[in-house]
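Following: one structure in structure tokens, then a few remarks.
Everything numeric in this text was worked out from a predicted model, so none of it was measured. These values consider heavy atoms only, across backbone and side chains, with no hydrogens, waters or symmetry-generated copies.
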Amino acid sequence: MYTRLQAIRKLAIGAVALALAICITIFIRENMDVKDPEQALPTITITLNDTANLAPEMIFRAGYEWNFLTTTAKNTPPYSSQDLQEHTPPVNVLARTYMEIDFSLEPKNLVISRSEEGSYDSFLDLVDVGDGPIIAPATPGTYMYRIQADFGWRGSIVYFFRVRVQDSGS
């Protein structure tokens, strides 16, 4: 039988050992992520009308800055309007299609902007998205969306994708 002091000492040693194991695991995981930072970034999923997901190759991750415990990975190359068009093949959608954006890690702040065909150098922030879905325009045309996701101290990521809105009768 243990005395009260022996029991407390064993519990304290166990707690310290567990905390140390957690710290070592986090350190190892972070060091592995630093070697391949793109695999450590949160994933994005865009669902159309609650039924189909946009294929991952239709969503272009244009840049990121991601903080690890010991270093920061940064990939923020400049892209021209033409470069963005080459990396974002348009997805055909019907007018007023609902587009829900989800991340594997919840962003602290999310800014979604849209530009119309021919003006991919200037984007207007969508103020009506809040926590709800994005609604594709009712007017046919090709639109590019920019998603700027801020994950607090971890970092930020910028994505682009394009939709080609078609008439409901098309």
Could you check whether any side-chain heavy atom of [X] comes within less than 4.5 Å of a side-chain heavy atom of [Y], counting everything from C-beta outward?
X    : Y    : answer
Y159 : I46  : no
Y79  : F60  : yes
R146 : L126 : no

Show me, pair by pair, the donor-acceptor contacts under 3.5 angstrom made by side chains of residues 134-145, not counting sequence neighbours?
from: Y143; atom 1: OH; to: T139; atom 2: O; distance (Å): 2.9

To the nearest 0.5 Å, how far apart are [atom1] in [X] and [atom2] in [Y]?
X   : Y    : atom1 : atom2 : value
D50 : Y98  : CG    : OH    : 9.5 Å
I59 : T45  : CD1   : OG1   : 7.0 Å
N53 : I44  : CG    : CD1   : 11.0 Å
L5  : K10  : CG    : NZ    : 11.5 Å
T76 : Y64  : OG1   : OH    : 9.5 Å
N75 : I157 : CG    : CD1   : 11.0 Å

Inset, instruction - Answer with yes or no whether the hydrophobic clustering places V158 together with V111; edges join I, L, V, M, F, W, Y residues whose side-chain heavy atoms lie under 4.5 Å apart. - result: no
Legend entry - I101-L105 co-clustered via ILVMFWY side chain contacts under 4.5 Å: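 Linked, I101 and L105 end up in one cluster.
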Legend entry - salt bridge (Lys or Arg N to Asp or Glu O under 4.0 Å) involving E116 - partner list, sequence neighbours excluded: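 For E116 there are no salt bridge (Lys or Arg N to Asp or Glu O under 4.0 Å) partners, ignoring immediate neighbours.
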Indicate the atoms forming the closest heavy-atom contact of [X] with [Y], along with that distance.
X    : Y    : answer
P89  : E57  : CD-O, 4.3 Å
P90  : M58  : O-CE, 4.1 Å
L94  : V165 : C-CG1, 4.2 Å
W66  : S156 : CE3-N, 4.2 Å
A62  : P77  : O-CD, 3.7 Å
S115 : S122 : CB-O, 2.9 Å

Legend entry - Polar side-chain atom of N109 near backbone of D150 as donor-acceptor pair, under 3.5 Å: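 Not at all, since once roles are kept as given, no pair shorter than 3.5 Å links the two residues.
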Inset, instruction - Indicate yes or no for a side-chain donor-acceptor contact from R164 to the backbone of V91 under 3.5 Å, with no hydrogens or angles considered. - result: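 No; judged by distance alone, with no hydrogens or angles, the pair does not exist.
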Legend entry - Check: F103 ring centroid to F151 ring centroid under 6.0 Å: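 Centroid distance F103-F151: below 6.0 Å, so yes.
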Return a table of donor-acceptor pairs under 3.5 angstrom between the side chains of residues 80-88 and protein atoms on other chains or two or more places apart.
from: S80; atom 1: OG; to: Q82; atom 2: N; distance (Å): 3.4
from: S80; atom 1: OG; to: D83; atom 2: N; distance (Å): 3.1
from: S80; atom 1: OG; to: D83; atom 2: OD2; distance (Å): 3.3
from: D83; atom 1: OD2; to: S80; atom 2: N; distance (Å): 3.1
from: H87; atom 1: ND1; to: D83; atom 2: O; distance (Å): 2.8
from: T88; atom 1: OG1; to: L84; atom 2: O; distance (Å): 2.6
from: T88; atom 1: OG1; to: R162; atom 2: NE; distance (Å): 3.3

